[in-house]
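In this chain, residues are counted from 1 in sequence order.
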Amino acid sequence: MAGAAMTTTFLAVIGGASLLAITARRLHPGDRLPSLEGWALADRGLGAGWTWLLLGGTVYTAYTFTAVPGLAYGNGASAFFAVPYTVIVCPLAFVLLSRLWEVARRHGYITAADFVRGRYGSAPLALVVALTGILATMPYLALQLLGIRAVLTAGGLYPPGAAGDLAMVAVFAGLAVATYRHGLRAPTVISALKAVAVFVSLTGVCWLVLDRFGGPGRVFDGAARALGGTDAAHSPLVLTPGQQPAYATLALGSALALLMYPHVLTAGFAADGTRTLRKVSAGLPAWTALLALFGFLGIAALAAGVRAPAGGAEAAVPMLVDRLMPGPLAGLVFGSIVVGALVPAAVMSIAAATSFVRNVYVEYVHPTATPKRQVRVAKAVSLTAKLGAVAFVFGLRDQDAINLQLLGGVWILQVFPAVAVGLYTRWLHPRALLAGWAVGMAAGTYLVVREGFSSIVPLVAGSPEIYAGVAALVLNLAVAVAATPVLARLGVPRGPDATDLPSRPRAGRRPPTGANNA
């Protein structure tokens with residue numbers, strides 16, 4: 001009976017998400033010609049509430065909500081790097097996203113590569129930015145499906161064999177159709193259900209945990225004993241001095257990388273103004289608090305004696321929920337996490353499709369493509385990206401997707417100099433940026449692969465471990481800075497700047513603060 005109640009509640013949540021996706025058509029403005037901006041960015045018309053829901057629902061993915069507590073369950077304190085990392089993102093978004101939105105709105109840019117193309121007048125540099133974004137996004141999209149499968153399996157909602165695979169495909173198919181028809185508006189309306197369901201269900205789970213254990217102190221002490229310590233102060237729940245460089249660089253590097261992902265920029269570009277983005281950036285810490293509570297549940301799973309399968313620590317929290325909560329409430333939690341995967345998955349497929357159309361298809365294949373044709377191609381590519389993610393999950397090991405996603409974080413960080421630094425100065429030569437990108441990509445990939453697909457690496461034997469992405473970024477910037485004066489002395493020409501931004505920062509200059517100034 002409990003299993004039937006759980007399944008009923010779960011299906012009710014998924015059905016609610018499907019019904020909301022259908023209502024996305026109501027966000028369509030009337031009598032507008034089809035355009036890529038309308039399909040991919042909801043005509044840049046989302047207010048503060050919708051933008052907060054969409055951006056938060058995009059940044060905080062379902063896999064994050066299972067992987068972070070899974071890491072806490074397996075490794076202890078190091079998992080909580082995600083909390084300072086997402087805190088650092090908020091001021092960065094306040095500054096960078098609003099400035100990039102202003103330029104993008106003024107010139108009709110839809111992707112980061114559009115901005116790079118206009119800022120540096122370099123088609124090759126824009127191409128590598130676009131391809132890096134697509135390459136980093138695809139395994140991230142596959143991880144959303146892995147998160148869904150982990151939740152469904154832990155809750156006993158994933159039948160073995162082909163039946164389970166078909167069930168997951170069916171969950172994903174409804175969103176794929178809605179996204180195909182309505183673009184970004186579909187995940188936008190579903191993000192409202194995600195926020196309500198996740199915040200409510202997580203509050204319930206945490207209350208049950210604290211009620212069972214008698215307070216957070218006992219939870220941490222119980223987890224410490226499970227990890228082989230005597231209490232919380234003498235266990236892997238506290239960082240050692242040797243772990244601190246890795247923790248700090250991972251938090252910083254992840255924050256810098258996050259804002260370079262195409263799906264995050266797509267969600268940001270959909271806002272109706274820079275004022276809206278600044279309000280939303282100030283409100284994003286509410287989602288960070290949610291992430292911290294999920295990490296706490298990983299600690300609670302240890303204290304409760306949950307035995308996750310070998311190599312499947314991300315199932316720890318779903319197993320804890322299944323143990324503590326009655327069937328209907330457990331179904332609500334599982335449904336919330338699955339809906340939490342649908343929003344970022346949809347935005348990722350839209351962002352990858354848009355990057356391909358704008359910066360590959362139109363630039364190199366069909367320069368005269370009409371807006372209607374661009375939308376049609378983007379829809380097809382978006383659907384193909386989802387199908388590719390499904391095939392990836394079913395055709396390869398879970399660890400392959402995780403390894404590629406780790407590499408993706410290192411790779412996407414290498415476009416930071418071209419995009420973020422380019423917002424404030426054009427001093428770096430585009431060919432120097434290309435050289436820096438190539439060196440950073442090669443060095444980051446080498447470091448991660450050398451350590452058996454661990455993103456935490458020692459630079460040399462015996463040195464403190466740090467995040468490979470930060471090491472590669474430093475090398476990237478060093479090459480770009482060193483090569484720029486050499487190229488200038490050789491007289492290598494630059495492309496024209498079409499962004500109206502100053503080539504160097506100007507003291508006292510204030511950017512416009514509203515959409516009407518764009």
K.L.:
Without hydrogens or angle criteria, can the side chains of Thr274 and Ser98 be said to hold a donor-acceptor pair below 3.5 Å?
P.N.:
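Side-chain D/A pair, Thr274 to Ser98: absent.
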
K.L.:
One pair to check against salt bridge (charged side-chain N to carboxylate O under 4.0 Å, His left out): Arg185 and Asp43. What are the steps and the verdict?
P.N.:
CA-CA 10 Å; Arg185 294 174 178 86; Asp43 285 305; 2.8 Å; yes

K.L.:
Checking the side chain of Thr249 only, and the main-chain atoms of Ala246 only, is there a donor and an acceptor separated by less than 3.5 Å?
P.N.:
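Indeed, once roles are kept as given, a pair shorter than 3.5 Å links the two residues.
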
K.L.:
How long is the gap from CG on Leu277 to CG on Leu97, to the nearest 0.5 Å?
P.N.:
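Reported to 0.5 Å precision, the distance equals 5.5 Å.
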
K.L.:
Apply the test side-chain contact (heavy atoms from CB on, under 4.5 Å) to residues Tyr60 and Leu291: give CA-CA distance (whole Å), side-chain angles for both, the deciding distance (0.1 Å), then the verdict.
P.N.:
CA-CA 8 Å; Tyr60 298 87; Leu291 184 61; 4.1 Å; yes

K.L.:
Determine the minimum heavy-atom distance between Thr179 and Pro187, stating which atoms define it.
P.N.:
OG1-CD, 4.4 Å

K.L.:
Under a 3.5 Å cutoff, is there a donor and acceptor pairing between the side chains of Thr276 and Asp272?
P.N.:
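A donor-acceptor contact under 3.5 Å links the two side chains.
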
K.L.:
Side chain of Ser382, backbone of Ala378: donor and acceptor closer than 3.5 Å?
P.N.:
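Flag not set: sc Ser382 to bb Ala378 has no pair under 3.5 Å.
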
K.L.:
Measuring from Ile190:CD1 to Leu53:CG, what's the distance to the nearest 0.5 Å?
P.N.:
12.5 Å

K.L.:
Would you say Phe199 has more than 12 foreign heavy atoms packed within less than 6.0 Å of its CZ?
P.N.:
yes

K.L.:
Do you know the tightest heavy-atom contact between Phe80 and Ala72?
P.N.:
CE1-CB, 4.2 Å

K.L.:
What heavy-atom pair brings Ala255 and Ile88 nearest, and what distance separates the two atoms?
P.N.:
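For Ala255 versus Ile88, the nearest heavy atoms are CB-CG2, 3.6 Å.
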
K.L.:
Would you check if Val360 and Leu131 make a side-chain contact, meaning some heavy-atom pair closer than 4.5 Å?
P.N.:
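Yes, close enough: below the 4.5 Å cut-off.
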
K.L.:
Quick one: does Arg44's side chain have a donor or acceptor within less than 3.5 Å of a partner on Gly38's backbone?
P.N.:
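Not a single qualifying donor-acceptor pair exists.
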
K.L.:
Less than 4.5 Å apart, side chain to side chain, heavy atoms only: is that true for Val419 and Met260?
P.N.:
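Sidechains of Met260 and Val419: in contact.
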
K.L.:
Would you say that Pro262 contacts Thr354 through its side chain, given a criterion of any heavy-atom pair below 4.5 Å between the two side chains?
P.N.:
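SC-SC contact between Pro262 and Thr354 ruled out.
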
K.L.:
Using side-chain heavy atoms (C-beta onward) and a distance below 4.5 Å, is Val198 in contact with Lys194?
P.N.:
yes

K.L.:
Should Pro285 and Val87 count as side-chain neighbours, where that means a heavy-atom distance under 4.5 Å?
P.N.:
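Of all side-chain heavy-atom pairs linking Val87 with Pro285, none is under 4.5 Å.
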
K.L.:
Please test Ile350 against Trp39 for side-chain contact (heavy atoms from CB on, under 4.5 Å), starting from the C-alpha separation and ending with a verdict.
P.N.:
CA-CA 9 Å; Ile350 290 169; Trp39 182 80; 4.0 Å; yes

K.L.:
Yes or no on side-chain contact (heavy atoms from CB on, under 4.5 Å) for Tyr85 and Val89, after CA distance, side-chain angles and deciding distance?
P.N.:
CA-CA 6 Å; Tyr85 138 46; Val89 164; 4.0 Å; yes

K.L.:
Could you check if a side-chain atom of Val59 sits within less than 4.5 angstrom of a side-chain atom of Trp287, using non-hydrogen atoms only?
P.N.:
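With C-beta onward as the side chain, the pair stays apart.
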
K.L.:
Tell me if a side-chain donor or acceptor on Asn359 pairs with a main-chain N or O of Phe356 at a distance below 3.5 Å.
P.N.:
no

K.L.:
Just how far is it from atom OG1 of Thr61 to atom CD of Gln144, taken to the nearest 0.5 Å?
P.N.:
4.0 Å

K.L.:
When you measure from the side chain of Ser254 to the backbone N and O of Ala251, does any donor-acceptor pair fall under 3.5 Å?
P.N.:
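Absent.
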
K.L.:
With rounding to the nearest 0.5 Å, note down the distance linking CG in Leu92 to CG in Leu252.
P.N.:
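Spacing of CG (Leu92) from CG (Leu252) equals 8.0 Å.
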
K.L.:
Might you point out which heavy atoms bring Ala353 and Val381 nearest each other, and give the distance in Å?
P.N.:
CA-CG1, 3.7 Å

K.L.:
Distance from Ile110 atom CD1 to Leu36 atom CG, nearest 0.5 Å?
P.N.:
4.0 Å

K.L.:
Whether the side chain of Thr51 engages the backbone of Leu46 through a donor-acceptor N/O pair (distance < 3.5 Å, no angle test) should be reported.
P.N.:
yes

K.L.:
Give the C-alpha distance, both sets of side-chain angles, the deciding distance and a yes or no for side-chain contact (heavy atoms from CB on, under 4.5 Å) between Leu184 and Leu54.
P.N.:
CA-CA 9 Å; Leu184 193 69; Leu54 179 63; 3.8 Å; yes

K.L.:
Quick one: does any side-chain atom of Trp52 pair with a main-chain N or O of Gly283 as donor and acceptor, under 3.5 Å?
P.N.:
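A pair under 3.5 Å: yes.
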
K.L.:
Within a strict 4.5 Å, meaning less than it, do heavy atoms of the Trp437 and Thr132 side chains meet?
P.N.:
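Trp437 vs Thr132: side chains touch.
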
K.L.:
For the residue pair Tyr140 and His263, is the inter-centroid distance of their aromatic rings smaller than 6.0 Å?
P.N.:
yes

K.L.:
Looking only at non-hydrogen atoms, find the nearest pair between Ala223 and Leu302 and report the distance.
P.N.:
CB-CB, 3.8 Å

K.L.:
With rounding to the nearest 0.5 Å, note down the distance linking NZ in Lys379 to NE2 in His182.
P.N.:
9.0 Å

K.L.:
Are Tyr109 and Trp101, when compared by the centres of their aromatic rings, separated by less than 6.0 Å?
P.N.:
no

K.L.:
Does Tyr467 reach the side chain of Leu413, with side-chain heavy atoms less than 4.5 Å apart?
P.N.:
yes

K.L.:
Any idea which heavy atoms bring Leu210 and Pro216 closest together, and the distance?
P.N.:
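Closest heavy-atom pair between Leu210 and Pro216: CD2-N, 3.6 Å.
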
K.L.:
Ignoring hydrogens and angles, tell me if any N or O in the side chain of Arg358 forms a donor-acceptor pair with the backbone of Asp114 under 3.5 Å.
P.N.:
no

